[in-house]
Amino acid sequence: MCGIIGYVGRKKALPIILDGLQRLEYRGYDSAGVALVNGGSLEVFKKAGKVSELVSLIGDSGGPPSGATLGIGHTRWATHGEPNDQNAHPHWDCGKEIALIHNGIIENYSSLKRKLEADGHSIRTVTDTEVLVHLIEEMVKHSDDLFTAVRKALLEVEGAYGILVVSTREPDKIIAARKGSPLVIGVGKDEHLIASDASALVDHTRHVVYMEDGEVVCLTAGSFLTKTVHDEEIIKEVEEITFSLAQIEKGGFEHFMLKEIHEQPESIRNSLRGRLQAGQGTAKLGGLEPVLDRVLNARRIIITACGTSWHAALAGKYMLEQLARIPVEVDYASEFRYRNPIVNPDDVVFLISQSGETADTLAALREAKAKGATVVGIVNVVGSTIARETDAGVYIHAGPEIGVASTKAFTSQIAVLSLITLLLARHRGLSMEQGRILAADLASIPSKVTDVLRSSAHIRSIAEEFKHVSNFLYLGRGSNFPTALEGALKLKEISYIHAEGYPAAEMKHGPIALIDEDMPVVFVVPKDAIYDKVVSNMQEVRARKGRIIAIANEDDTDIGELAEYVIRVPRTYNYFGPIVNSIPLQLLAYHMAVARHCDVDQPRNLAKSVTVE
Ligand code: F6R
């Protein structure tokens with residue numbers, strides 16, 4: 001959350017920064033701002049609203065008078081202080097010489113503020129960020145240079161930050177620091193960039209350096225110097241960006257979310273590629289090998305994650321327990337961290353995260369590690385913090401996910417969990433014959449997803465019918481309970497309709513009171529071992545005049561008698577079913593949001609990659 005970009009080089013900084021902000025906008029879109037250093041002066045533009053508002057502001061003002069070649073930009077997801085013009089970043093010091101942008105939360109900002117105000121600083125906003133720039137101003141008085149002043153200031157700060165700092169006194173430098181919020185340096189020819197993620201850099205360079213927590217860097221056009229906050233120099237490795245520009249563009253689709261929904265046959269194929277060993281009925285996962293023995297002998301597996309990734313974790317529990325016969329617990333990362341969980345060295349903790357930067361999941365990782373457990377990442381973003389801090393891990397290879405509502409990462413997470421399950425199950429007694437049947441089913445999933453995507457127009461017509469309702473219930477049982485949870489989350493986050501996911505049989509223990517002729521109920525009801533039980537739950541809804549939309553198999557000829565609308569999905573092996581069955585729910589949420597004129601890719605109050613706790 002919050003997007004950060006900085007440029008220092010020979011080119012005009014402003015267009016590079018505005019373009020980068022547009023790419024980073026999915027990380028926050030409450031306000032945006034830029035600061036350009038032009039020799040002895042600081043030019044700042046900032047505005048509430050999206051980056052397009054900032055672009056108009058700059059255009060209306062006739063543009064900056066300078067052709068500055070150094071600048072920083074920010075797109076905000078508000079924490080402290082409402083999203084208005086004044087609270088937008090950059091913030092500056094009393095003398096308007098130093099400007100700063102920030103992603104994170106300065107937890108001890110009130111005590112720092114009191115001290116700084118007592119020392120004569122005039123702090124104009126209620127943000128935690130402005131306090132930090134005044135603290136740096138104070139440190140500059142007692143330091144040789146800005147680099148040192150920033151390091152000294154950070155020693156007094158509690159909380160999380162990714163910051164960029166510039167000063168008119170040292171107009172050729174950007175100072176950056178990271179603790180808890182990601183920053184990646186882009187290394188170009190006679191230029192350096194720095195951003196919250198590599199998507200804002202790939203237009204300019206494929207060479208990147210990932211900053212670690214506790215590091216501070218001084219960037220000029222021709223050099224970068226990295227130190228710890230405690231002044232020890234660090235040699236950093238330059239790495240290569242693994243994705244292409246085309247992957248982070250809309251490619252003709254109206255929204256990133258729709259593009260990513262349609263990419264799923266390919267993204268799932270990429271998750272399975274080179275790993276599924278159909279002939280041996282097993283999987284090969286190089287990333288898991290260093291810890292395979294520990295996983296196989298684990299007393300239990302704990303899977304921890306947030307949001308959609310948590311739903312994937314729950315789908316993983318069903319398959320791992322059933323097939324690999326290892327006890328699995330699933331925990332919200334935000335809860336795991338703060339309840340002093342009982343974790344032992346013979347436990348294995350899986351962390352699932354698309355971004356690999358989610359603050360709660362990262363905190364859970366560190367907690368589990370501190371308690372001696374083996375920690376394994378299931379992550380999408382290559383080189384992200386969670387991927388780097390785990391003992392071992394399996395990338396899901398879904399490709400960049402830009403839409404704030406997660407879609408292709410979810411199905412790829414479950415695809416990878418299916419591979420892990422197959423591998424562990426084969427080691428723990430599943431026969432080769434059975435393994436081959438499961439592997440063949442997994443291999444067939446991408447083409448089944450292609451089939452489901454053909455129902456998009458039918459699903460759009462259902463969305464038109466229901467676009468004015470205020471509530472939705474999603475019900476599923478067994479491995480499709482997580483599917484129901486995910487369907488409800490997708491609907492509420494992008495269409496703002498209240499939706500709840502429930503295990504179908506739990507409905508009669510409470511939520512059934514909600515059913516009347518105005519309540520649409522989505523049933524995920526494939527022909528599995530508990531099909532008849534779910535059909536009974538459907539009867540209960542129907543008896544109370546609830547309106548049923550069923551996600552049912554193509555060969556289910558009876559379901560039309562119970563459901564008002566049926567969306568057909570191919571049959572899939574029970575435990576892999578959530579991959580295929582969640583596709584129509586993603587499309588339903590998408591079409592509902594479009595029908596209600598909601599901003600699909602940038603839903604209100606949300607941001608991708610939640611880097612604050
Ligand atoms: C929902 C969504 C969020 C994320 C959650 C975890 O569509 O995107 O619920 O799933 O914030 O994010 P990651 O997977 O990046 O850790």
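The structure displayed is predicted, hence computed values, not measured ones. Order of listing sets the numbers, starting from 1, for every ligand and every atom in it. Below, all heavy atoms of this structure are taken into account, side chains as well, without hydrogens, waters or symmetry copies.
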**Prompt:** Which of the listed options, Thr358, Thr308, Asn380, holds the heavy atom that is closest to atom 2 (C) of ligand 1?
**Reply:**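 The option holding the nearest heavy atom is Thr308.
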**Message:** A side-chain contact here means heavy atoms from C-beta on lying under 4.5 Å apart; do Phe523 and Val534 qualify?
**Reply:**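 With C-beta onward as the side chain, the pair touches.
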**Asked** Is Ser267 close to Ser412 at the side-chain level, that is, under 4.5 Å between some pair of heavy atoms?
**Response**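 Yes - at least one pair of side-chain heavy atoms lies under 4.5 Å apart.
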**Request:** Measure across Arg76 and Gly81 and return the closest heavy-atom pair with its distance rounded to 0.1 Å.
**Result:**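 Residues Arg76 and Gly81, closest heavy atoms: NH2-O, 2.9 Å.
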**Prompt:** What's the shortest heavy-atom distance between Ala373 and Val349, and which atoms?
**Reply:**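 Here Ala373 and Val349 meet closest at CB-CG2, 3.9 Å.
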Atoms in ligand 1 with a heavy atom of [X] nearer than 4.0 Å:
| X | value |
| --- | --- |
| Gln354 | 13 (P), 14 (O), 15 (O), 16 (O) |
| Ser406 | 7 (O), 8 (O) |
| Ser355 | 13 (P), 15 (O), 16 (O) |
| Ala405 | 7 (O) |

**Asked** Taking heavy atoms and a distance under 4.0 Å, where does Glu493 meet ligand 1: side chain, backbone, both or neither?
**Response**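 Contact part for Glu493 vs ligand 1: side chain (C-beta onward).
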**Request:** Identify, for atom 11 (O) of ligand 1, the protein heavy atom at the shortest distance, and state residue, atom and that distance.
**Result:**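 In this structure, atom 11 (O) of ligand 1 has Val610 CG2, 3.9 Å as its nearest protein heavy atom.
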**Request:** Could you tell me the residue and atom name of the protein heavy atom closest to atom 6 (C) of ligand 1, and the distance to it rounded to 0.1 Å?
**Result:**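 Result: Cys306 O, 3.3 Å.
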**Asked** Hey, what's the ring geometry for His102 with His89, parallel, tilted or perpendicular (30° and 60° as the breaks)?
**Response**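 Parallel, since the angle between the ring planes stays under 30°.
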**Asked** What pairs of residues pass the ring-ring contact (aromatic ring centres under 6.0 Å, His included) test when at least one of them lies in residues 587-611, not counting sequence neighbours?
**Response**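 Those involving residues 587-611 are His255-Tyr590.
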**Request:** Examine ligand 1 and decide if any of its atoms is less than 4.0 Å from a heavy atom belonging to Lys490.
**Result:**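 Per 4.0 Å heavy-atom rule, Lys490 contacts ligand 1.
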**Request:** Mark the output for Val404 as yes if a heavy-atom distance to ligand 1 is under 4.0 Å, and as no if none is.
**Result:**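 Yes, Val404 has heavy atoms under 4.0 Å from ligand 1.
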**side-chain contact (heavy atoms from CB on, under 4.5 Å) between Val600 and Val594, intermediate numbers included** = CA-CA 7 Å; Val600 172; Val594 172; 3.8 Å; yes
